[in-house]
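Let me begin by presenting the structure, written as structure tokens, before commenting on it.
Just so you know, these numbers come straight off a predicted model, no measurement behind them. Every heavy atom of this structure was used, including side-chain atoms; hydrogens, water molecules and symmetry mates were not.
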Amino acid sequence: PAERVFLIGGPARYASLGVDIYLTELDVRIPSGLSGSTLTTYRERQKQAYKTVVAAALTQVRCKAIMLWGTTDTNAWEPQFQPTPFDNSN
């Protein structure tokens, strides 16, 4: 996907300069107010987005860390968007 090309290409430019890469404040938002199958679909998209970012980061030896906003949605910056991959509903 285009996102993966961007994620690999952008950090690769910095890595080629000898710069360490840190992905910080990562979150993948889900629109608030969803329920049922629509919410399930968005959660699956969120899961795939996190997988894509982590897989792309792991291709870069200079990627030193991937940091999220919090460990659960309750502790996230904007919890109404369910941005973290770790919450009670997943």
- Query: With a cutoff of under 4.5 Å between side-chain heavy atoms, which Ile, Leu, Val, Met, Phe, Trp and Tyr residues group with L39?
  - Reply: I30, L34, Y42
- Judged by atom type as modelled, is there a donor-acceptor pair below 3.5 Å linking the side chain of Q80 to the main-chain atoms of P31? no
- Note on the structure: With sequence neighbours left out, the residues meeting salt bridge (Lys or Arg N to Asp or Glu O under 4.0 Å) with R62 are D20
- Note on the structure: Closest heavy-atom pair, A57 versus C63, reported as atoms and distance to 0.1 Å, is O-CB, 3.5 Å
- Heavy-atom closest pair (T84 atom, Y50 atom, distance to 0.1 Å) is CA-OH, 3.7 Å
- Message: Applying a strict under-4.5 Å side-chain criterion to I, L, V, M, F, W and Y, I'd like to know whether M67 and F81 cluster together.
- Response: no
- Task: Flag yes if L26 and L58 sit in one hydrophobic cluster, no otherwise; membership is Ile, Leu, Val, Met, Phe, Trp, Tyr, and two members link when side-chain heavy atoms are under 4.5 Å apart.
- Result: yes
- Message: What's the separation between atom OG1 in T72 and atom CD in Q82, rounded to the nearest 0.5 Å?
- Response: 11.5 Å
- Separation of I21 CD1 from L23 CG (nearest 0.5 Å): 7.5 Å
- Using the test side chain to side chain donor-acceptor pair (under 3.5 Å), find all partners of E44 that sit at least two apart in sequence or belong to another chain. K47, Q48
- Item | Beyond-backbone contact of P83 with V28, side-chain heavy atoms, under 4.5 angstrom | no
- Item | S37: side-chain contact (heavy atoms from CB on, under 4.5 Å) partners, not counting sequence neighbours | none
- Can you pull the salt bridge (charged side-chain N to carboxylate O under 4.0 Å, His left out) pairs that have at least one residue in residues 22-33, sequence neighbours excluded? R29-E78
